[in-house]
Amino acid sequence: MSQVFRDNIFAGKVVFVTGGAGTICRKQTETLVKLGANACIIGRRVEPTELAAKEIAKISENAKVIGVGGIDVRQVSQLAKAVDHCVKELGRIDFVICGAAGNFLADFNHLSANAFKSVVDIDLLGSFNTVKACFEQLRQNKGCVLFVSATLHYQGVPFQSHVGAAKAGVDALSNALAVELGPIGIRCNAIAPGAIDNTEGFNRLVTNPSNVDKYIPLQRKGSISEIADVTAFLFSDAAKYVTGTVIPVDGGMWHLGFPMR
Ligand code: HXC
């Protein structure tokens, strides 16, 4: 995390994070906790989610971090139970990160209808369900939502038709909710990571990692800390007039196209 943020800017705030045990969302959570927030991370697997929560809690002496595993974001009823647990343990929810995602490379010919649906359901329906389950808390606390999107759909990226379609939907959802929920004080934005080093997504998608830097205007891959820094900005008061926007954090790469072809 860079040192641009004041300590404890998020004291008293609670963040609810789906996919919080994964690489990008875990770093986002760690950064918010370091800046004073308490956190509830949600995952499909029980043990890795609970372990990640325990490890994140060590970052700050006073932090309360809980992990709720066994939750599939495709099931809004499961998310509703996680929200109840979070509010019981941590008192409230102010910030929501819709980060749970699924991805694999598959060409159209080998992508079954169920495979396409699985990714759309996890990424897009899962994001909708997360906001749905958190809505009363967001309304009460004039909260803020951050969707984790991608840049894949800005151009046609092969073998990613399922994820590109899902993330285009995530951007549309974010924009629509920003307009609809703005009048009741809820901000909604999306962050679109590019080639971020040491992430599950990058490792799965990029077959020739050493070749990537030259396709990025800033000439290097990004880091998970750089995604977390923009996350902290969007939740902070520095962004209190920012809603309905998608911020690519990709070193300018989307202008040239994702270099996985
Ligand atoms: C083709 C595949 C496949 C693959 C699964 N399927 N993996 N098809 N190639 N590699 C198909 C299955 O055969 C099945 O279709 C359907 O997808 C559902 O698979 P299941 O395993 O039954 O479903 P489920 O348990 O729901 O898991 C879905 C999953 C999940 C998406 C595959 O396992 C997953 O999310 N794994 C990866 C998690 C991950 O990568 N997270 C980081 C995301 S990074 P059939 O027809 O056989 O029933 C990210 C960044 C994006 O999103 C942006 C990058 C720039």
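Both ligands and their constituent atoms are indexed starting at 1 by order of listing.
Between Phe104 and His162, the distance from one ring center to the other falls under 6.0 angstrom.
At a 4.0 Å heavy-atom cut-off, ligand 1 does not touch Asp123 at all. Here Ala101 has heavy atoms under 4.0 Å from ligand 1 in both its backbone and its side chain. With a heavy-atom cut-off of 4.0 Å, Ser118 touches ligand 1 through its side chain alone.
Using a non-hydrogen distance threshold of 4.0 Å, His162 does not register as a contact of ligand 1. Under the 4.0 angstrom criterion for non-hydrogen atoms, Arg74 is in contact with ligand 1.
Any N or O atom pair closer than 3.5 Å counts here, and Arg44 shares at least one such pair with ligand 1. For ligand 1, the polar-atom distance check against Lys167 finds no nitrogen or oxygen pair separated by under 3.5 Å. Considering backbone and side-chain N/O of Arg204, one or more are found under 3.5 Å from N/O of ligand 1. Considering backbone and side-chain atoms alike, Gln160 places every N or O at 3.5 Å or more from each N or O of ligand 1.
Residue-environment remark: CD (Glu55) exceeds the threshold of 12 foreign heavy atoms within 6.0 Å. Environment of CZ in Phe135: crowded, with over 12 heavy atoms of neighbouring residues, nucleotides or ligands closer than 6.0 Å. Within 6.0 Å of atom CD in Glu136, more than 12 heavy atoms from other residues, nucleotides or ligands are found, so the atom counts as buried in its surroundings.
Of the options Asp121, Asp250, Asn103, Leu111, the smallest heavy-atom separation from atom 51 (C) of ligand 1 is shown by Asn103. Between the choices Ala100, Gly22, Ser112, Cys25, the shortest heavy-atom distance to atom 47 (O) of ligand 1 belongs to Ser112. Comparing Phe159, Phe116, Phe104, Phe202 against atom 2 (C) of ligand 1, the shortest heavy-atom distance belongs to Phe104.
By the 4.0 Å N-to-carboxylate-O rule, Glu30 lies close enough to Arg26 to be salt-bridged with it. Using a 4.0 Å cut-off between a side-chain N of Lys or Arg and a carboxylate O of Asp or Glu, Glu50 and Arg45 do not qualify as a salt bridge.
Taking the six-membered ring where tryptophan is involved, the planes of Phe95 and Phe235 are essentially parallel, since the angle between them stays under 30° and well short of 60°.
Atoms of ligand 1 lying under 4.0 Å from at least one heavy atom of Gly201, given by number and element, are 44 (S). Close contacts between ligand 1 and Ala150 involve ligand atoms 53 (C) [criterion: under 4.0 Å to a heavy atom]. Those atoms of ligand 1 with a heavy atom of Leu205 less than 4.0 angstrom away are 54 (C), 55 (C).
Other members of the cluster containing Ile66 are Val14, Leu90, with ILVMFWY side chains joined at under 4.5 Å, either directly or via other members. Counting Ile, Leu, Val, Met, Phe, Trp and Tyr side chains that sit under 4.5 Å apart, directly or through other members, Phe108 stands alone, with no cluster partners.
Of the possible polar contacts, none joining the Asn203 side chain to the Asn198 backbone as a donor-acceptor pair under 3.5 Å is found.
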